[in-house]
Amino acid sequence: MYAGKQPGYMGGSIVKDHHEEHVEEQRQELNELMAIRRTKLQSLYDAGVNPYGEKFERTHYAQEIIDNFESLEGQKTVIAGRLMSFRTHGKASFSDLMDASGRIQLYLRVDVLGEEAYGFANQLDIGDIVGVSGTIFRTKRGQISVEVESLKLLSKSLRPLPDKWHGLKDVDLRYRQRYVDLIVNPDVREVFRKRSQIIQCLRDFLNTRGFIEVETPMLHPIAGGANARPFVTHHNALDMDLYMRIAPELYLKRLLVGGLDKVYEVGKNFRNEGISTKHNPEYTSCEIYEAYADAEDMMKLTEDIFAYIAEQVVGSTKIVFQGREIDLTPPWPRKPMLEAIREYAGVDLTGLNDEQARKLAREKGLSVPNNASYGNIVEEFFDEYVEPHLIQPIFITDHPVEVSPLAKRKKDNPNLTDRFEPFIVTWEVANGFTELNDPIDQEGRFRKQMEQREQGDEEAHMMDEDFIRALEYGMPPAGGLGIGIDRMVMLLTDSPSIRDVLLFPHMRPR
RNA sequence: GAGCCAUUAGCUCAGUCGGUAGAGCACCGGACUUUUAAUCCGGGUGUCCCGCGUUCGAGUCGCGGAUGGCUCACCA
């Protein structure tokens, strides 16, 4: 009954045969460096070593050992990570092991490990993942190290890593093979650790102030809440097209109607538009709504959020972006949009009608479509003359009603809204306003948007009848705020391109 | 979408006037028991992005294309 080979042995044999075939099959297509590693892989199997090990219990991270060396010197440790370099000296060798925390040097001696284990260690490659146990000490030259007493291969690496000194510079490859980028460029890990920290701080800040985090749909029957072209997708079972969300706004405001009066959502929006150093087709926003508040409250909230997070993550409200000091300390100045245009463009657009505004714009050499509204012209002047000057944090307020279809009109001027956008290093980093809670006005605004849509403006809002119905039940007066998380991360990590703060930025497929 | 630039070894890059394809790192072999971009000796591993053309001869010149970067346009 139990005659013949044991099941375990059989299993091993099958695995081995499978690997031999596989290795042989692929060898022809590989360059020499990879072929050598596959040969080594095969000899590991031949020697009965599993090159893809199992669970490994560690006692320390590399950085922990370095930070606490005084108290750890002479003690045993078990660590694991990727081998990043080798310096062999005959019967002794040095190697650098990198784990999530950092790097530490390994010291291997034949008289500690024994001939066999030492020989095995010298067959390892840069890039292999190992677990080691040993004793913490300091070399003659003062380098904190682990004298290795035993070593286990946990994962064989079959591809050579980029140059140890120059690393991986090809931007395209860095984004496409972010895993390699993360291995060889420690700064990149740091950026993403900070990104995580920033979002964590944001949640802490809001939760502490009594906001609750919610999740609303990403698949929308109507794409609303922003001026943007949506992605269209299809639900098979329902046989209907759906839009990937361009903003969570209209759902979050339904929650205000429902009585959840302080809500926020952190998540992705999808916009079917251009790609640039500041735009990715999917990006992360945090939208925040507070009932019984207004734009002024949301401006204070914005400043406080930026200041709090900068303090936590960078250690100061004065940060450096691309060599320039940016002072995020509240309060930030406020400036109405028309006043900013008067200041930087020398043009007063106050009280003009559409036609007068178009005429003035053309005189100034701006390209203006014939159906451009007063609001469009104001925005055009702003983008052209004002935006490039807004380096230090500032709130631009009081946007024209035509370009702010979800914001409440100003009490003293129905052509303007109680809206604000903070600008830092010329970027719009957020957008907020006193929310329009008048269903009749909202319906009128949607109709205006639909007219623009009919005139070919693909980014104009769609009519959302259910949202109107929700407002008809009564939405409390409220302030709303949307923060572009990616831009915030760029700012706080000194990253000039949005691709530097996205782990896997959108790339054309190869 | 337009302009400019780039594409050469696994990685980072040189390559002159059109004349047999180069360096460092990595890798392979050897020496070396406290090195650290270890060192020393030996070894060059290549679809020069692709195609067409000019030429006796193209990594190099011309045309077309691909991919990427930057700027502009678009886009909050």
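Just so it is clear: chains get the letters A, B, ... in the order the sequence lines come, proteins before strands, and each one is counted from 1. In what follows, every heavy atom counts, from backbone to side chain, and hydrogens, waters and symmetry copies are set aside.
- Looking at heavy-atom distances under 4.0 Å, A:G484 makes no contact with the nucleic acid at all.
- Within the 4.0 angstrom heavy-atom criterion, only backbone atoms of the sugar-phosphate kind lie near A:A228; the bases stay farther away.
- Note that CH2 of A:W427 and OG1 of A:T277 are 8.0 Å apart. Values are rounded to the nearest 0.5 Å.
- Residues from residues 61-79 of chain A that place a heavy atom under 4.0 Å from any atom of RNA chain B: there are none.
- Residue A:L33 has its side chain nearest to B:U45 when only B:C75, B:U45, B:U12 are considered.
- To the nearest angstrom, P of B:C27 lies 11 Å from CG of A:D128.
- A:D170 contributes no side-chain N or O that forms a donor-acceptor pair with the base of B:G68 under 3.5 Å.
- Residue A:I275 contributes atom CD1, which lies 15 Å from atom P of B:C75 at whole-angstrom precision.
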What does nucleotides 28-35 of chain B look like as a protein-contact string, B for base, S for sugar-phosphate only, - for none, at under 4.0 angstrom between heavy atoms? S---BBBB

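- Applying the 4.0 Å criterion to OP1 and OP2 of B:A38, one finds that A:K164 has a side-chain N or O inside that range.
- Using a 4.0 Å cut-off between a side-chain N of Lys or Arg and a carboxylate O of Asp or Glu, A:D125 and A:K156 qualify as a salt bridge.
- Taking atom P on both nucleotides, B:U7 is separated from B:C13 by 10 Å, rounded to a whole Å.
- Atom pair A:N122:CG and B:C27:C1' shows a separation of 15 Å (rounding to whole Å applied).
- Across all strands, A:N431 comes closer than 4.0 Å to base atoms (heavy-atom distances).
- Spacing between atom CZ of A:R38 and atom P of B:G10 amounts to 15 Å, rounded to whole angstrom units.
- Going from atom CG of A:L173 over to atom P of B:C11 covers 7 Å, rounded to whole Å.
- On the C1' atoms, B:U35 is 39 Å away from B:A6, given to the nearest whole Å.
- Ionic pairing of A:E149 and A:K76 is present here: one or more N-O contacts between side-chain nitrogen and carboxylate oxygen are shorter than 4.0 angstrom.
- Residue A:I126 is in sugar-phosphate contact alone, with no base atom involved, counting any heavy-atom pair closer than 4.0 Å across all strands shown.
- Contact check on A:K364 versus A:E384 returns no salt bridge, with no Lys/Arg side-chain nitrogen under 4.0 Å from an Asp/Glu carboxylate oxygen.
- Between A:I144 atom CD1 and A:F137 atom CZ the span is 11.0 Å, to the nearest 0.5 Å.
- With a cut-off of 3.5 Å on both Watson-Crick or G-U wobble distances, the partner of B:G24 is given as B:C11.
- The partner of B:C49, taking Watson-Crick or G-U wobble pairs whose two distances both stay under 3.5 Å, is B:G65.
- Nucleotides B:A58 and B:C50 are separated by 14 Å at their P atoms, to the nearest Å.
- Between A:E282 and A:K268 there is a salt bridge, with a side-chain nitrogen of the basic residue lying less than 4.0 Å from a carboxylate oxygen of the acidic one.
- Candidate nucleotides B:C75, B:U71, B:A37 were compared by shortest atom distance to the side chain of A:W165, and B:A37 ranks first.
- Residue A:R176 places at least one side-chain N or O under 4.0 Å from the OP1 or OP2 atom of B:G68.
- Rounded to whole Å, the separation between the C1' atoms of B:G46 and B:G59 comes to 11 Å.
- If you measure from atom OH of A:Y283 to atom P of B:C75, you get 15 Å, rounded to the nearest angstrom.
- Taking only distance into account, the side chain of A:H166 never meets the base of B:C11 through a donor-acceptor pair shorter than 3.5 Å.
- Atom CE of A:M244 sits about 13.5 Å away from atom CZ of A:R271, to the nearest 0.5 Å.
- Of the possible polar contacts, one joining the A:R37 side chain to the A:S157 backbone as a donor-acceptor pair under 3.5 Å is found.
- Rounded to whole angstrom, the span from the CE atom of A:M84 across to the C1' atom of B:A26 amounts to 12 Å.
- Nucleotide B:G57: unpaired (no Watson-Crick or G-U wobble partner with both distances less than 3.5 Å).
- Salt-bridge annotation for A:R409 and A:D441: present, with a side-chain N of the basic residue lying under 4.0 Å from a carboxylate O of the acidic one.
- Between the C1' atoms of B:A9 and B:U47, the separation comes to 12 Å (whole Å).
- Nucleotides B:G18 and B:U60 have their C1' atoms positioned 7 Å apart, rounded to a whole Å.
- Between the CD1 atom in A:I319 and the CD1 atom in A:I309 there is a gap of 11.5 Å [rounded to 0.5 Å].
- Nucleotide B:G3 is matched to B:C70 when pairs are restricted to Watson-Crick or G-U wobble geometry with both distances under 3.5 angstrom.
- Contact check on A:R195 versus A:D486 returns a salt bridge, with a Lys/Arg side-chain nitrogen under 4.0 Å from an Asp/Glu carboxylate oxygen.
- A:R174 has its CZ atom 14 Å from the C1' atom of B:U12, to the nearest Å.
- To the nearest whole angstrom, the two P atoms, one in B:G3 and one in B:G24, are 41 Å apart.
- For B:C27 and B:A23, the C1' atoms lie 16 Å apart once the distance is rounded to whole Å.
- When both distances must be under 3.5 Å, the Watson-Crick or G-U wobble mate of B:A37 does not exist.
- Taking CG of A:D418 as the reference point, atom CG of A:D398 lies at 7.0 Å (rounded to 0.5 Å).
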